[in-house]
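Below is one structure; the comments refer to it alone.
What's counted below: heavy atoms across the whole structure, side chains too, no hydrogens, waters or symmetry copies. In the text below, chain A, chain B and the rest are named by the order of the sequence lines, each starting its count at 1.
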2 protein chains.
Amino acid sequence: MTTGKKPTSIDIAYLTGFSQATVSRALRNSPLVSEETRRKVQEVARQLNYKVDKNASNLRTQHSGTLALLFFEDPTTDDSHINPFFVSMLGSITRACAQRGYDLLISFQQASDDWHADYADSKKADGIILLGYGDYVTYCDKARKLVEQGTHFVRWGAVLPDQPDTSVGCDNYSGGRAVAEHLLEQGCKRIAFLGEATRHYPEFFERHHGYAEALADAGLKVDPELQVDAESTQESGHAAMTALLDRNVQFDAVFAASDLIAIGAMRAMDERGLRVPEDVAVAGFDDVPSASFAHPPLTTVRQDTKEAGSILVDNLLHLIHGDPVQTSILPIKLVVRKSSVR
Amino acid sequence: MTTGKKPTSIDIAYLTGFSQATVSRALRNSPLVSEETRRKVQEVARQLNYKVDKNASNLRTQHSGTLALLFFEDPTTDDSHINPFFVSMLGSITRACAQRGYDLLISFQQASDDWHADYADSKKADGIILLGYGDYVTYCDKARKLVEQGTHFVRWGAVLPDQPDTSVGCDNYSGGRAVAEHLLEQGCKRIAFLGEATRHYPEFFERHHGYAEALADAGLKVDPELQVDAESTQESGHAAMTALLDRNVQFDAVFAASDLIAIGAMRAMDERGLRVPEDVAVAGFDDVPSASFAHPPLTTVRQDTKEAGSILVDNLLHLIHGDPVQTSILPIKLVVRKSSVR
DNA sequence: CTGAAAGCGCTTACAG
DNA sequence: CTGAAAGCGCTTACAG
């Protein structure tokens with residue numbers, strides 16, 4: 001470009017001698033345009049480094065070709081400690097969007113605040129993906145409002161019978177069950193559970209549910225003394241384990257509701273001189289990258305984030321296009337490593 | 001909303017009895033509008049859940065209130081292994097954008113491909129931030145093209161005398177120097193360097209430069225036998241250390257050009273029965289979250305990602321507004337942990 | 001196959 | 001302080 005202004009389709013029309021309408025058609029590969037015309041127009045467009053003005057075309061077509069990712073985070077975490085599981089999801093969502101020709105807006109939010117979720121209302125995005133929504137009960141009110149407004153959105157998280165929204169989640173129940181069965185097979189009898197297992201955190205709740213039923217099937221009962229609330233951070237896992245040790249109850253295994261909790265708990269045990277897995281077998285959930293680098297490497301449940309990202313985006317696009325969507329539950333896979341093998 | 005259509009400023013004009021122009025002014029808090037009018041208009045807007053159509057306002061005002069983050073990654077990495085240093089940068093850039101009222105588009109790119117950098121040309125973004133551009137020499141050609149086109153962009157990376165673009169980087173030279181001086185203080189004499197130190201990777205090159213001058217000042221010479229190329233992944237660090245060990249040269253310390261390289265190298269040493277720091281002192285660069293959780297915890301150089309994100313965004317906004325920008329070099333901080341202390 | 005025209009929903013001089 | 005009008009740069013019926 002020699003001038004400071006960006007070229008428009010009118011410039012190309014002038015240069016090629018066609019009307020602006022024909023230029024527009026040629027650029028969009030409309031079949032209404034002759035091969036020859038298309039060629040000429042596209043050639044000039046290339047020379048000028050012309051790009052269609054998305055604001056104009058979006059305004060005209062009434063869709064933006066963009067999705068928004070609302071990423072909720074714990075207010076206490078700092079920049080450098082974004083939950084690695086969500087990082088992995090972010091990667092797969094970004095890729096899934098790119099493959100489908102959509103751009104991705106991202107926004108970090110505090111789950112407690114009012115969300116900045118007007119990307120759809122302001123037409124910046126055609127739909128929204130929610131990741132890590134915090135307290136489910138609080139979330140539900142907000143979700144209902146979004147549904148009322150006709151906002152298209154999908155959530156990563158537990159799939160529940162009465163949910164107001166569309167979600168994609170992994171099979172948390174089976175994951176919890178698989179972990180507990182594995183620990184039982186290792187000969188563990190007193191399996192602690194670290195994580196808040198209430199309807200406020202339905203993923204953890206379902207994992208706990210699977211764990212509880214596996215224990216029941218083995219003729220064991222769930223001892224409330226062996227459960228400590230924790231949210232998904234190392235710090236919280238460390239604190240939960242410390243609290244558990246201070247209770248002076250016996251346990252031979254720990255099922256942490258997430259890998260971060262497990263890693264924090266292992267650090268706390270290390271500080272108290274407990275050996276993993278000799279004294280206590282440990283398992284987590286998520287299979288974040290650091291699980292395999294933990295000492296010892298951590299047994300965990302893998303969620304297929306690549307598949308998850310694809311399905312989230314596909315489901316959102318279905319919603320946007322008014323097609324039926326089915327809520328999806330993805331299979332999980334138990335990954336056994338040293339932390340739980342005696 | 002009872003109808004399926006989103007409300008427009010015309011709907012509000014109709015409901016309030018004002019003209020559409022006045023509605024627009026009232027919504028934008030123009031001082032030209034009376035307090036009373038503003039109140040009425042904004043009240044109706046709230047009731048309708050009206051949001052200004054960004055496509056229309058962006059088209060009219062000719063800017064988008066959006067920045068784009070091009071995130072280059074090694075083609076070999078998978079979703080779950082995004083470089084944690086860049087994750088930290090992503091967090092701080094996202095926050096910096098939000099604070100300044102900008103939205104952020106993100107896009108993952110292969111450094112080798114032609115970039116999808118037309119966010120600015122298509123008016124989807126006012127400017128672009130580049131993170132992890134791969135080979136600097138290859139990058140320069142592309143950067144020059146962007147500059148020619150008048151695209152506003154900033155790069156995170158080395159600040160070099162002849163660079164075509166605007167960048168923000170940390171003081172890699174001082175960082176390398178600080179690490180080497182620290183290792184020398186620990187009594188190390190044969191300090192290996194892991195990382196490709198050429199003009200293709202100027203950050204590593206500068207770190208190596210600081211290291212080399214510190215050695216020279218101590219009367220030691222840089223032994224090429226003690227340098228192995230590596231890119232910033234654990235796998236590459238593992239391979240580089242393996243190659244170094246296969247050379248059968250003596251060394252008592254390793255300066256890895258990044259933490260990921262260091263962590264991979266420590267794993268390789270562990271496999272060969274070498275103890276850190278007793279047999280070999282180790283230091284990395286970046287202070288990624290896993291550096292403090294490594295075994296042993298890793299001595300490294302911290303870059304202030306929070307500050308970096310702010311400055312990147314500020315510099316880009318200056319560029320966009322036509323204000324002068326100065327290329328910024330951020331101070332670094334040596335973080336000494338067990339891996340290097342004997 | 002092509003062109004003239006309307007219109008997407010705003011913002012902002014211009015006039016009063 | 002308010003309104004009528006123009007115009008941002010496209011896409012797409014409509015007419016030929």
OP1 or OP2 of [N] sitting under 4.0 Å from any side-chain N/O of [X]?
X        : N       : result
Tyr50(A) : dG9(D)  : no
Thr61(B) : dT11(C) : no
Gln62(B) : dG9(D)  : yes
Thr8(B)  : dG9(C)  : no
Ser57(B) : dC10(C) : no

Separation of [X] atom [atom1] from [N] atom [atom2], in whole Å?
X         : N       : atom1 : atom2 : answer
Asn55(B)  : dG9(C)  : CG    : P     : 10 Å
Arg60(A)  : dC10(D) : CZ    : C1'   : 8 Å
Asn58(B)  : dG9(D)  : CG    : P     : 13 Å
Ile12(B)  : dG9(C)  : CD1   : C1'   : 12 Å
Tyr14(B)  : dG9(C)  : OH    : C1'   : 19 Å
Lys6(B)   : dC10(C) : NZ    : P     : 12 Å
Asp53(A)  : dG9(C)  : CG    : P     : 17 Å
Asp121(A) : dG9(C)  : CG    : P     : 14 Å

Decide yes or no for [X] and [Y]: does some side-chain heavy atom of the first lie under 4.5 Å from some side-chain heavy atom of the second?
X         : Y         : value
Phe85(A)  : Gln303(A) : yes
Asn315(B) : Ser328(B) : yes
Phe153(B) : Tyr119(B) : no

Ring centers of Phe108(B), Phe71(B) separated by less than 6.0 Å: yes
Qualifying residue, where the test is side chain to side chain contact (heavy atoms under 4.5 Å, CB included) with Ile93(B) and the options are Leu312(B), Ile106(B), Leu316(B): Leu312(B)
Identified pairing partner of dG16(D), criterion: Watson-Crick or G-U wobble below 3.5 Å: dC1(C)
Whole-Å P distance, dG9(C) and dA13(C): 23 Å
Nearest-Å distance once atom P is located in both dC1(C) and dA5(C): 24 Å
Donor + acceptor pair across side chains of Gln20(A), Ser24(A) (<3.5 Å): no
Residues Ser64(A) and Asp126(A): side-chain donor-acceptor under 3.5 angstrom: yes
Close residues, residues 20-41 of chain A, relative to DNA chain D [heavy-atom separation under 4.0 Å]: Gln20(A), Ala21(A), Ser24(A), Arg25(A), Arg28(A)
